[in-house]
Amino acid sequence: MADTRFFTRPIPRSLAELAALAGSAVPDSPLKIADVAPLDSATSDQISFFDNIKYKETAAKTNAGAVLCRAEHAALLPSGCIAVISADPYKAYARIAQALYPEEKPSPLLHPSAVIDKTATIGAGTVVEPLAVIGAGVVIGENCRIGSHASISHAIIGNNTVIYPGARIGQPGFGFAFDPEKPVKVPQLGRVIIGNDVEIGANATIDRGAGPDTVIENGAMLDNMVHIAHNVRVGRGCIIAGQVGISGSTHLGAYVQIGGQAGLTGHLKVGSGAKIAAGSGVMRDVPNGGEVGGRPAQELGDWLRQTAYLRRTTAKKA
Amino acid sequence: MADTRFFTRPIPRSLAELAALAGSAVPDSPLKIADVAPLDSATSDQISFFDNIKYKETAAKTNAGAVLCRAEHAALLPSGCIAVISADPYKAYARIAQALYPEEKPSPLLHPSAVIDKTATIGAGTVVEPLAVIGAGVVIGENCRIGSHASISHAIIGNNTVIYPGARIGQPGFGFAFDPEKPVKVPQLGRVIIGNDVEIGANATIDRGAGPDTVIENGAMLDNMVHIAHNVRVGRGCIIAGQVGISGSTHLGAYVQIGGQAGLTGHLKVGSGAKIAAGSGVMRDVPNGGEVGGRPAQELGDWLRQTAYLRRTTAKKA
Amino acid sequence: MADTRFFTRPIPRSLAELAALAGSAVPDSPLKIADVAPLDSATSDQISFFDNIKYKETAAKTNAGAVLCRAEHAALLPSGCIAVISADPYKAYARIAQALYPEEKPSPLLHPSAVIDKTATIGAGTVVEPLAVIGAGVVIGENCRIGSHASISHAIIGNNTVIYPGARIGQPGFGFAFDPEKPVKVPQLGRVIIGNDVEIGANATIDRGAGPDTVIENGAMLDNMVHIAHNVRVGRGCIIAGQVGISGSTHLGAYVQIGGQAGLTGHLKVGSGAKIAAGSGVMRDVPNGGEVGGRPAQELGDWLRQTAYLRRTTAKKA
């Protein structure tokens, strides 16, 4: 059970009601669900989920009152445990956990220690945590959450978006002309445009555009310490893992997935649905649906073949 | 045109006056320039620049009133567009954009929410943004800008230097002696010395020296999330891209360029003018003017040859 | 000598007293030691250390009054310089430097600009620096130091632990189920548990658990910008260098060492005493005492052999 110093104990809900949230129906049952829990610790008034067949032995022994699972896995559960059938048990679990642990909002919504410029616009229901800084002219939509110590300037942000603590949004990008005397700075005259339902991880940095804008489209998820340079576009629903860096003017299509610590050089086009392996160094365009890996990145199959060749060729004789 | 919620609309200036800033002369013209803009969106009262021959078709169709370009490219511009000749059009553009968008300073210069120790010294014209923290004894020169949420301790900083939001300057370095019971910390007794015209990117970290100082010389440009460990020296005019990490006691000469996400191990000497490719892992000294790449880093030519060999050797038959 | 703007000048101590702190005895001597200093700048009232045989020429010329060194190196010191014998001269130096430069605490211990929730518990002797944020329910033990601009929520922290400026502890991990409409967030219901004598570097991020906790055990040292994802466990005395990223649910045993910029994928087990080279990309379990390197990481010997093979095979003829 979640630590009640940090989380409010859920109000029990009927299994039928929770199953409906997951788009499922269950046999008529008086069962009240008090909480969510993992398969190995759940008790008879808790619901768990079983998605990865690797855990079938744990599932077979669970004491959970109910388990979200695929139809073909229902028979693996112990008798007495109610199977709640779902094509996507993890997503179903997410919806049920959201219902049991609804987001809590502080009062007042805008912490008095935050420094919010009087020309900034903050939408209804948006939370601004302690010591955040929101600069002149910034627009933030409804039901957002701006984490503690985040700094936001030169930005327009949609609804339901979360900026985690310490993220830096809108500072000038790394733009200057070389001169041996001293660098000549290029004024950065664009903005950062962030859509709805976006997440920007803790201590991430998103520089504003140099002239065009830097754009993060709806539903994009950026993990901690991701760096987005000026003029970059991140398409709808992209998933970008921790410590990734994207150089200036690179554009990602929709639903691109990038593994942790990958780096992309500037002025690239990455097509929709592309997948970039963790730690890759991408120096060329990637087509729609392409999969790449390695430094420098190449087609995933090529990279794996090269890695295997090198291992085989240099293997010590047994 | 830049968003007037964030930028002050420029005061129009005569073309002749702006061209002079770029070290150029223009035919006698009554043209007033109202703004800068890219080639493809500029209008007849705006100035643009044309540097990369890749954009020659865009240049041929531009509606800009004037374009900064090299002498040999002037004939590629449409008739009616005034060519402003420059050997370095991008740098010329930077100077003109600076003139149209002069840096604006807040009033008061030191935001009242910043926590500035009474023993710190802040030079004339220096801006300290909201919620920055400046510790005891710190010295900051003139016309600097200290970003919101930056923390500065044990540091001496020159003039015209910019510390972006969330940068951490002067905390103790990663110094301890191993002991199975618990690590034995080594007091870090040095400082951070930062020169003039330096930029330190958002959320970068610069640890103070262990005994010697950590030094960043004049004109060095460090991008976001760069990590500089204790006792490191970064020479004049070095350019260090995002997410680079430099381990303790490594010394860079002047004008070294380091691509994003590269890492340098400790106690190295990197000669002046050396270039380190993005994502490299440098474990040996690099001579003056040397170019290296790869993990572990080697001479750039060797690394490229190895990469090509591996690709060729394992290529699938067509 | 350390800059007295930042450090309090030490009170001179007798050599015998300091040697005793290092577990050593010295010939009867009236020498008072005023400070620590490197071999090449130390004067007759200062103590230095000599650990690495590479510096034997510097040691032979030192003007230090006393030098910590191994028994077999004592004869290399100049006559008149007192050798203070230690099996671990660097650790001995650390203890002596600690004695000369005892940690100083501000008054009041909790800076009034910090935002500390009234339900948080802060132990005796703990320092909270300016503008730190400590959330509801957080427990922090005794004699800790919480750096400026650090944010801490959903966390239980032991004694003598240091959180450096800008570290982010306890925000929700990167947890959501994919949905083309918009990501479905999974409530993150765990905590961050941090032991005694831990260090968390500047701008590091430690996400709270998804259900299990994220755990950092006693004596672990995490450098700047390390990213620890949800449900990770870092064992006792682990040493993790700058910019390392560890993905969700990976568990490290005790005394694991990880070089800078390495990345570990999720759900791995890394055995006690394992060593992971800088820049590695670890995608498989590592056994106790294992040593790995490369991307993807493999046994260190295999990786070095592959690197050498590739270099040899493609070398240009002289």
Side-chain angles (χ1 to χ4, degrees), chain A residues 1-7 36-38 41 88 90-95 97-98 100-101 103 111 113 129-131 147-149 160 162 164-166 196-197 199 201-203 218-221 223-225 237 239 241-243 255 259-261 277-279 294-295 307 310-311 313-316, chain C residues 113 115 119 131 133 135-139 149-151 153-156 166-168 170-172 174-187 189-191 203-205 207-208 211-213 225 227 229 243 245 247 261 263 265 279 281 283 295-296 298 301-302 305-306 308-310:
Chain A
M1 198 184 62
D3 187 330
T4 54
R5 284 174 289 191
F6 304 118
F7 302 95
V36 290
S41 67
D88 187 341
Y90 185 55
K91 185 154 65 183
Y93 168 82
R95 293 203 194 283
Q98 284 178 0
L100 292 170
Y101 290 93
E103 192 195 345
H111 196 276
S113 68
E129 295 183 346
L131 302 177
S148 57
H149 298 109
N160 308 312
V162 181
Y164 283 105
N196 305 322
D197 303 301
E199 296 208 355
N203 285 349
N218 293 346
M221 308 296 280
D223 199 358
N224 295 350
M225 284 191 258
I239 299 172
Q243 299 176 318
Y255 303 112
Q261 298 186 331
R295 276 194 189 256
T307 302
L310 204 49
R311 192 177 294 139
T313 304
T314 64
K316 284 200 269 198
Chain C
S113 70
V115 178
T119 64
L131 301 176
V133 172
V138 167
V139 176
H149 298 110
S151 336
S153 73
H154 303 84
I156 310 290
R168 311 290 162 210
Q171 57 284 341
F174 199 54
F176 53 88
F178 180 79
D179 187 287
E181 170 65 26
K182 62 182 184 186
V184 182
K185 294 184 207 180
V186 179
L189 304 170
R191 307 167 297 177
N203 284 349
T205 60
D207 291 345
R208 72 174 184 258
D213 295 317
M225 285 191 257
H227 168 48
Q243 299 175 320
S247 301
Q261 298 185 333
T265 194
M283 302 173 70
R295 277 196 189 257
Q298 25 199 326
D302 291 346
R305 212 162 52 242
Q306 290 169 22
Y309 168 81
L310 204 49

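Chain naming here is simple, since letters A, B, ... match the order of the sequence lines and numbering starts at 1 in each.
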Requested in this report: Would you check if C/Arg168 and A/Asn224 make a side-chain contact, meaning some heavy-atom pair closer than 4.5 Å?
Outcome: no
Query raised in the report: How far does OG of C/Ser247 sit from CD of A/Gln243, to the nearest 0.5 angstrom?
Result: 9.0 Å
Report task. Answer with side chain, backbone, both or neither: which region of A/Gln261 has an atom nearer than 4.5 Å to a non-hydrogen atom of chain C? Result -> side chain
Query - Between CE on residue A/Met221 and CZ on residue C/Phe174, distance to nearest 0.5 Å - result: 5.5 Å
**Report entry** Main-chain N/O of A/Asp223 paired with C/His227 side-chain donor or acceptor, under 3.5 Å
**Finding:** no
Query - Engaged part of C/Ala308 at the chain A interface, taking heavy atoms whose separation is under 4.5 Å - result: neither
Report task. May I ask you to test the C/Val139-A/Arg5 pair for a side-chain heavy-atom distance under 4.5 Å? Result -> yes
**Report entry** Residue C/Arg295 versus chain A: region with a heavy atom under 4.5 Å
**Finding:** both
Query raised in the report: For the side chain of A/Gln98 and the backbone of C/Lys185, is there at least one donor-acceptor N/O pair under 3.5 Å apart?
Result: yes
Report task. For chain C, find which of A/Ala2, A/Gly259, A/Ala37, A/Ala202 contributes the most heavy-atom pairs closer than 4.5 angstrom. Result -> A/Ala202
Query raised in the report: Which bit of C/Ala229 is near chain A, if near means a heavy-atom gap under 4.5 Å: side chain, backbone, both or neither?
Result: neither
Query raised in the report: Do the non-hydrogen side-chain atoms of C/Phe178 and A/Asp88 ever get within less than 4.5 Å of each other?
Result: no
Query raised in the report: If you round to the nearest 0.5 Å, how far is CG of C/Leu131 from NE2 of A/His149?
Result: 6.0 Å
Query raised in the report: When rounded to the nearest 0.5 angstrom, what is the spacing between CD1 in C/Ile156 and CG in A/Asp3?
Result: 6.0 Å
Query raised in the report: What part of C/Gln306 gets closer than 4.5 Å to chain A, counting heavy atoms only: side chain, backbone, both or neither?
Result: both
Query raised in the report: Looking at side-chain heavy atoms only, is the closest gap between A/Asp197 and C/Glu181 below 4.5 Å?
Result: no
Query raised in the report: Nearest 0.5 Å, what's the CD-CG distance between C/Gln298 and A/Leu310?
Result: 7.5 Å
Query raised in the report: Within the side chain of A/Tyr255, is there an N or O that forms a donor-acceptor pair under 3.5 Å with the backbone of C/Pro180?
Result: yes
Query raised in the report: For A/Thr314, does its backbone N or O pair with a side-chain atom of C/Arg305 as donor and acceptor, under 3.5 Å?
Result: yes
Query raised in the report: Does the salt bridge (Lys or Arg N to Asp or Glu O under 4.0 Å) test come out yes or no for C/Asp179 and A/Lys91, once each step is laid out?
Result: CA-CA 8 Å; C/Asp179 187 287; A/Lys91 185 154 65 183; 2.8 Å; yes
Report task. With a 4.5 angstrom heavy-atom cut-off, could you sort out which part of C/Met225 is near chain A: side chain, backbone, both or neither? Result -> both
Query raised in the report: salt bridge (Lys or Arg N to Asp or Glu O under 4.0 Å) with C/Arg208: which residues, sequence neighbours excluded?
Result: none
**Report entry** Rounded distance (nearest 0.5 Å) linking atom NE2 of C/His154 with atom CZ of A/Phe6
**Finding:** 7.0 Å
Query - Flag, side chain of A/Asn203 to backbone of C/Gly166, donor-acceptor distance under 3.5 Å - result: yes
Query raised in the report: Would you call C/Val186 and A/Tyr90 a side-chain contact if the rule is heavy atoms closer than 4.5 Å?
Result: yes
